[in-house]
Amino acid sequence: MDVDEAELLVKKHVADLISARLTAQTATKRATALEKVVAGYVELFPELKPLATEAQVELFLRLDQDDDHTPKGAEAVRRLMQERPNFWWYISELVTALRERDWLPESDNPANAVRTACERLLNSDDSDLHKGRSYAGKVAYSYRPDDEPWDGTLTSFRDSPESPYGEDEEPF
C-alpha cells in the first residue's frame, strides 16, 4: 500500500465516520422526541405509566445485554444523563440512579466519585454537560446536547429562593 491508497482509505473512513455520527445524532433526537410523546400520553393518561416504565426497563435490559461490560465512572454518568437530556441532576439523584442500575462506583464515598466523574465530563473538550446551581444553592448537572455554550444563567430548577452560597462554594 502506498500513500495515495492510504489517503483514499482515510477519506472514505472519514466520510463513513461523519455519516455514522450524523445518523447517531438523528437517532438521539428521534429518541428524545419519542420520549416526549410517551411522556405526554402518560401525563394525559396516568394509568399508562406502567407500560412506559416496562418499555424503559426492557430497553435498558437489552442495552445491558448488548454491552460487553458495565459502564464505569464518567461513562456510566454520561450514559445515564443522556437518557434524560435537559434534566438537571443533583449528585444524590445520580448516585441513586446509578445504584439502581448497578453502575455505582466501588468507593467509600460514591457521591464524591460521581461528582468527580461529572467534573471530568464537564471539562472534556466535546462536553454537552453543563453545571448549574439551584436557587437553594445545590449544584446540579445537565446533559444539554442542543444548547449553545451555557452562560451560567439559571433557568429552571426544582427548588427556589436565593442561593446563600457564593460563586466558588459548592454545598455537599
Does the side chain to side chain contact (heavy atoms under 4.5 Å, CB included) test come out yes or no for W88 and R144, once each step is laid out? CA-CA 9 Å; W88 287 96; R144 306 177 70 74; 3.6 Å; yes

Test side chain to side chain donor-acceptor pair (under 3.5 Å) on Y143 and E83 and set out the steps. CA-CA 9 Å; Y143 172 73; E83 292 171 10; over 6 Å; no

Side chain to side chain contact (heavy atoms under 4.5 Å, CB included) between L80 and L98: does it pass, once the steps are laid out? CA-CA 8 Å; L80 174 66; L98 289 167; 3.9 Å; yes

Begin with the C-alpha distance, continue with both residues' side-chain angles, and end with the deciding distance and a verdict on side chain to side chain contact (heavy atoms under 4.5 Å, CB included) for T70 and D102. CA-CA 8 Å; T70 300; D102 203 25; over 6 Å; no

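At most 12 heavy atoms of other shown residues, nucleotides or ligands fall within 6.0 angstrom of atom CD in E43. Enclosure of atom CG in D2 by more than 12 non-hydrogen atoms of other residues, nucleotides or ligands within 6.0 angstrom is indicated. Within 6.0 Å of CD on E106 lie no more than 12 heavy atoms contributed by other residues, nucleotides or ligands.
Minimum interatomic distance between P105 and A113 (heavy atoms only, all atoms of both residues): CG-CB, 3.7 Å. Scanning both residues, R133 and V139, for their nearest heavy atoms gives NH1-CG2, 3.7 Å. When all heavy atoms of A111 and V95 are compared, the closest pair comes out as CA-CG2, 3.7 Å.
Using a 4.5 Å heavy-atom threshold, the side chains of R84 and E35 count as separate. Within the 4.5 Å cutoff, the side chain of R79 has heavy atoms near those of the W103 side chain. E119 places a side-chain heavy atom less than 4.5 Å from the side chain of L122. The shortest side-chain heavy-atom distance between P145 and T28 does not fall under the 4.5 Å cut-off.
No continuous path of ILVMFWY side-chain contacts below 4.5 Å connects L8 to V10, so the two sit in separate hydrophobic clusters. Under the 4.5 Å side-chain heavy-atom criterion for ILVMFWY residues, a single connected hydrophobic cluster contains both L22 and V14. Tracing side-chain contacts under 4.5 Å through hydrophobic residues (I, L, V, M, F, W, Y), one never reaches L9 starting from L17; they form parts of separate clusters.
Taking the six-membered ring where the residue is Trp, Y41 and F45 present parallel rings, their angle staying beneath 30° rather than reaching 60°.
Using modelled atom types, one finds no donor on one side chain facing an acceptor on the other under 3.5 Å when comparing Q25 with R21.
Judged by the 6.0 Å distance and 45° axis criteria, K131 is not positioned over the aromatic ring of Y141.
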